[in-house]
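Both counts, for ligands and for their atoms, begin at 1 and track the order of listing.
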Amino acid sequence: MKVLITGGAGFIGSHVVRLFVNKYPNYTIHNLDNLTYAGNLANLTDIEKKPNYKFVKGDIVDAAFISELFTKENYNAVVHLAAESHVDRSITNPLEFVMTNVIGTVNLLNAAKELYKKDATSFKKFYHVSTDEVYGALGDTGMFTEETSYDPHSPYSASKASSDHFVRAYHDTYGLPIVISNCSNNYGPNHFPEKLIPLCINNIKNNKPLPIYGKGENVRDWLFVEDHATAIDTIFHKAKLGSTYNIGGHNEWTNIDVIRLLCRIMDKKLNRETGANEKLITFVKDRAGHDLRYAIDASKLKNDLGWVPSVTFEQGLDLTVDWYLHNEEWLSNVTSGNYTHYYEEQYAKR
Ligand code: NAD
Ligand code: TYD
């Protein structure tokens with residue numbers, strides 16, 4: 001099986017690539033990534049020399065390039081993660097999100113459709129990785145199920161919702177074998193430090209303010225990134241074609257409670273006085289259109305396919321903090337501003 005994973009140099013994609021390369025030595029894994037600010041080949045140094053792995057630099061928005069690549073490589077399956085992924089960036093630059101998340105996805109669908117048309121037994125599936133944010137926001141009660149209507153509020157979630165609709169449309173119109181999963185907020189190693197948890201880990205380390213939007217009352221349902229990767233593996237191999245699965249950890253936290261827990265963990269790890277890090281918490285202007293609460297009902301995934309998360313939030317956060325404290329170079333490279341060029345040059349030399 002030759003599998004194309006898109007966005008494999010990013011946060012979640014790198015964990016999926018690593019899992020597939022190590023767990024399936026008889027698969028050939030191609031990682032297609034354009035190395036935007038969020039893509040970083042340093043996330044994959046441990047597997048880059050494996051014989052079943054190849055990095056392909058390229059832009060999913062470039063239709064001609066994508067079409068040529070698919071014709072040449074004749075992939076058997078696609079796991080699509082490449083995206084613009086940060087809500088705050090989507091508020092400043094929505095068009096970028098339309099280009100990558102919508103047009104890029106449709107380019108991949110078109111190329112996959114051609115392979116499927118040519119040989120329906122050879123092209124097995126197009127797996128689209130999406131987010132729970134397409135469902136909109138919850139009040140104090142209830143959970144998102146696979147039947148919840150789409151109601152996106154940010155340009156990011158609107159672009160992901162649009163891409164999900166296109167994926168389903170290609171299944172219904174052209175018979176393309178597809179699977180979609182919608183996952184809750186991830187955290188863990190290799191997370192770009194513009195997102196809440198890695199940003200605060202970095203700021204605590206450097207004794208800088210921890211910016212909490214509004215009153216910190218917004219609720220997110222956090223899942224350790226390696227658990228997301230195992231869920232993707234399970235769904236990729238076991239889900240019925242045409243189906244959708246929600247992925248989540250039944251792990252709801254208000255933002256302020258997440259940051260308080262992080263402060264306590266890091267008080268100990270940095271040998272600071274108990275309560276020292278909490279003094280860094282700063283309430284700042286709220287995000288426009290800030291969704292109040294996300295919560296995922298992942299019972300379909302548990303009941304149908306037997307997947308459950310492997311770590312508690314406290315365990316996962318502990319592992320995550322340790323990773324950031326032991327990967328000083330990774331962190332300083334991605335916060336230095338010129339890391340993308342640095343890693344591209346390094347890669348070109350190999
Ligand atoms: P990320 O921003 O860390 O990584 C995205 C990757 O896509 C980067 O490596 C980037 O270089 C690549 N990319 C961007 N534009 C590209 C283009 N035009 N062509 C080729 N590659 C391109 O994102 P992430 O957090 O790892 O998210 C991965 C996927 O999972 C996304 O589709 C996202 O919507 C979804 N998701 C994320 C979360 C989360 O909490 N981070 C939760 C649920 C779903
Ligand atoms: P984020 O990590 O950006 O993920 P998403 O918006 O996709 O859920 O944000 C997680 C939560 O943390 C969200 O409610 C916004 C909030 N937040 C802050 O309070 N301060 C910050 O600096 C950031 C980046 C996010």
Side-chain angles (χ1 to χ4, degrees), residues 5-17 31-41 43-44 56-62 65-66 79-91 96-97 99-101 103-105 107-108 128-134 137 153-154 156-157 159-161 163-164 181-188 190-200 203 209-223 225 228-229 231-232 246-248 253-256 258-259 281-287 289-294 296 334 340:
I5 300 180
T6 72
F11 167 47
I12 302 168
S14 60
H15 290 274
V16 175
V17 165
N31 168 16
L32 170 65
D33 199 295
N34 203 25
L35 300 182
T36 67
Y37 79 95
N40 188 346
L41 291 172
N43 295 345
L44 292 164
V56 181
K57 184 171 187 312
D59 186 354
I60 60 168
V61 179
D62 183 344
F65 164 76
I66 293 296
V79 183
H80 174 38
L81 296 106
E84 286 295 332
S85 68
H86 190 42
V87 173
D88 294 325
R89 285 180 191 256
S90 82
I91 295 170
E96 191 86 38
F97 285 66
M99 295 309 289
T100 297
N101 299 359
I103 310 284
T105 301
N107 286 339
L108 291 167
H128 180 60
V129 176
S130 192
T131 166
D132 63 350
E133 302 191 27
V134 298
H153 297 144
S154 73
Y156 164 65
S157 53
S159 68
K160 290 297 290 187
S163 66
D164 292 12
S181 59
N182 297 86
C183 188
S184 60
N185 284 64
N186 284 213
Y187 68 96
N190 309 99
H191 206 182
F192 195 80
E194 65 184 350
K195 306 273 170 86
L196 180 69
I197 290 179
L199 175 83
C200 289
N203 285 10
L210 310 176
I212 306 296
Y213 297 162
K215 294 182 181 151
E217 287 167 345
N218 303 68
V219 174
R220 296 293 181 263
D221 184 348
W222 294 96
L223 182 70
V225 64
H228 190 185
I232 288 174
N246 281 350
I247 309 173
W253 288 73
T254 60
N255 291 337
I256 187 67
V258 169
I259 298 312
I281 292 175
T282 314
F283 294 96
V284 299
K285 189 169 175 279
D286 208 353
R287 171 187 282 170
H290 196 173
D291 287 336
L292 178 66
R293 175 171 164 260
Y294 302 146
I296 276 274
V334 300
T340 306

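- Note that NZ of K285 is 12.5 Å distant from NE2 of H290, once rounded to the nearest 0.5 Å.
- Below 4.0 Å from some heavy atom of Y156 lie the following atoms of ligand 1, by number and element: 33 (C), 34 (O).
- Of all atoms in ligand 1, numbered sequentially from 1 with element shown, those under 4.0 Å from a heavy atom of N185 are 40 (O).
- Among all protein heavy atoms, the one lying closest to atom 4 (O) of ligand 1 is G10 CA, 3.5 Å.
- With rounding to the nearest 0.5 Å, the separation of CD1 in I281 from CD1 in I256 is 4.0 Å.
- Contact between G104 and ligand 1 is absent, with no heavy atom of the residue lying under 4.0 Å from the ligand.
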Kindly determine whether L41 and D33 satisfy side-chain contact (heavy atoms from CB on, under 4.5 Å), including the steps that lead there.
-> CA-CA 9 Å; L41 291 172; D33 199 295; over 6 Å; no
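- Put simply, the side chain of D221 gets close to the backbone of I296: a donor and an acceptor are under 3.5 Å apart.
- Close contacts between ligand 1 and S130 involve ligand atoms 43 (C), 44 (C) [criterion: under 4.0 Å to a heavy atom].
- Remark: ligand 1 atoms within the under-4.0 Å shell around heavy atoms of L35 are 11 (O).
- No option in H191, H228, H15, K195 other than H228 meets the side chain to side chain donor-acceptor pair (under 3.5 Å) test with N186.
- The closest protein non-hydrogen atom to atom 3 (O) of ligand 1 is F11 N, 3.0 Å.
- At a 4.0 Å cut-off, at least one heavy atom of S184 sits close enough to ligand 1 to count as contact.
- Compare N186, L32, L196 by their heavy atoms: the one nearest to atom 40 (O) of ligand 1 is in N186.
- Here the rule is side chain to side chain donor-acceptor pair (under 3.5 Å) with R89, and of E96, E194, E84 only E194 fits it.
- Of the protein's non-hydrogen atoms, the one nearest atom 1 (P) of ligand 1 is S85 OG, 3.6 Å.
- Atom-to-atom distance recorded for I212:CD1 and E217:CD is 12.0 Å, nearest 0.5 angstrom.
- S14 and N190 share no donor-acceptor pair across their side chains, judged by distance under 3.5 Å alone.
- What sits closest to atom 5 (C) of ligand 1 on the protein, heavy atoms only, is A83 O, 3.4 Å.
- Looking at T100 against ligand 1, only its side chain comes within 4.0 Å, counting heavy atoms.
- At the shortest separation from atom 10 (C) of ligand 1 among protein heavy atoms lies T36 OG1, 3.3 Å.
- Distance alone, capped at 3.5 Å, places no donor-acceptor pair between the T282 side chain and the P209 backbone.
- Distances below 4.0 Å separate heavy atoms of V129 from the following atoms of ligand 1: 30 (O), 32 (O).
- In this structure, atom 19 (N) of ligand 1 lies nearest to the protein heavy atom I60 N, 3.0 Å.
- Checking only distances, D33 does come within under 3.5 Å of ligand 1, N or O to N or O.
- Every atom of ligand 1 with a heavy atom of C183 under 4.0 Å away is listed here by number and element: 42 (C), 43 (C).
- When atom types are taken as modelled, the side chain of N34 and the backbone of I60 share no donor-acceptor pair closer than 3.5 angstrom.
- Contacts of H80 with ligand 1, taken as heavy-atom pairs under 4.0 Å, are absent altogether.
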List the steps, then state whether side-chain contact (heavy atoms from CB on, under 4.5 Å) holds for Y213 with N255.
-> CA-CA 9 Å; Y213 297 162; N255 291 337; 5.9 Å; no
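- When the options L41, D59, N34, V56 are ranked by their closest heavy atom to atom 18 (N) of ligand 1, first place goes to D59.
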Intermediate values then yes/no, side-chain contact (heavy atoms from CB on, under 4.5 Å), F65 and V56 | CA-CA 11 Å; F65 164 76; V56 181; 4.2 Å; yes
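- S181 places no side-chain N or O within 3.5 Å of a backbone atom of N246 that could act as its donor or acceptor partner.
- Between the choices I12, T6, L223, N101, the shortest heavy-atom distance to atom 37 (C) of ligand 1 belongs to I12.
- Counting protein heavy atoms only, atom 31 (C) of ligand 1 is closest to L81 O, 3.2 Å.
- Exactly one of S90, S159, S157 qualifies for a side chain to side chain donor-acceptor pair (under 3.5 Å) with N101. That residue is S159.
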Identify all N/O pairs between ligand 2 and the protein with a separation under 3.5 Å and present them as a table of atom names and distances.
residue, atom, partner, partner atom, Å
ligand 2, 2 (O), L196, N, 3.0
ligand 2, 3 (O), R287, NH2, 3.0
ligand 2, 4 (O), N185, ND2, 3.3
ligand 2, 6 (O), R287, NH1, 2.5
ligand 2, 6 (O), R287, NH2, 3.3
ligand 2, 7 (O), E133, OE2, 2.6
ligand 2, 8 (O), N185, ND2, 2.9
ligand 2, 8 (O), R220, NE, 2.9
ligand 2, 12 (O), N255, ND2, 3.4
ligand 2, 14 (O), R220, NH2, 3.3
ligand 2, 14 (O), N255, ND2, 2.9
ligand 2, 14 (O), H290, NE2, 2.7
ligand 2, 19 (O), Y213, N, 2.8
ligand 2, 20 (N), P211, O, 2.8
ligand 2, 22 (O), P211, O, 3.4

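- Proximity to G58 (heavy-atom distance under 4.0 Å) selects the following atoms of ligand 1: 19 (N), 20 (C).
- Formation of a donor-acceptor pair under 3.5 Å by the N203 side chain with backbone atoms of L210 is not found in this model.
- Side chain to side chain, H128 and T105 fail the donor-acceptor criterion of an N or O pair below 3.5 Å.
- In terms of heavy atoms, D132 sits closest to S184 at OD2-CA, 3.3 Å.
- Protein heavy atom closest to atom 32 (O) of ligand 1, with residue, atom name and distance, is K160 NZ, 2.7 Å.
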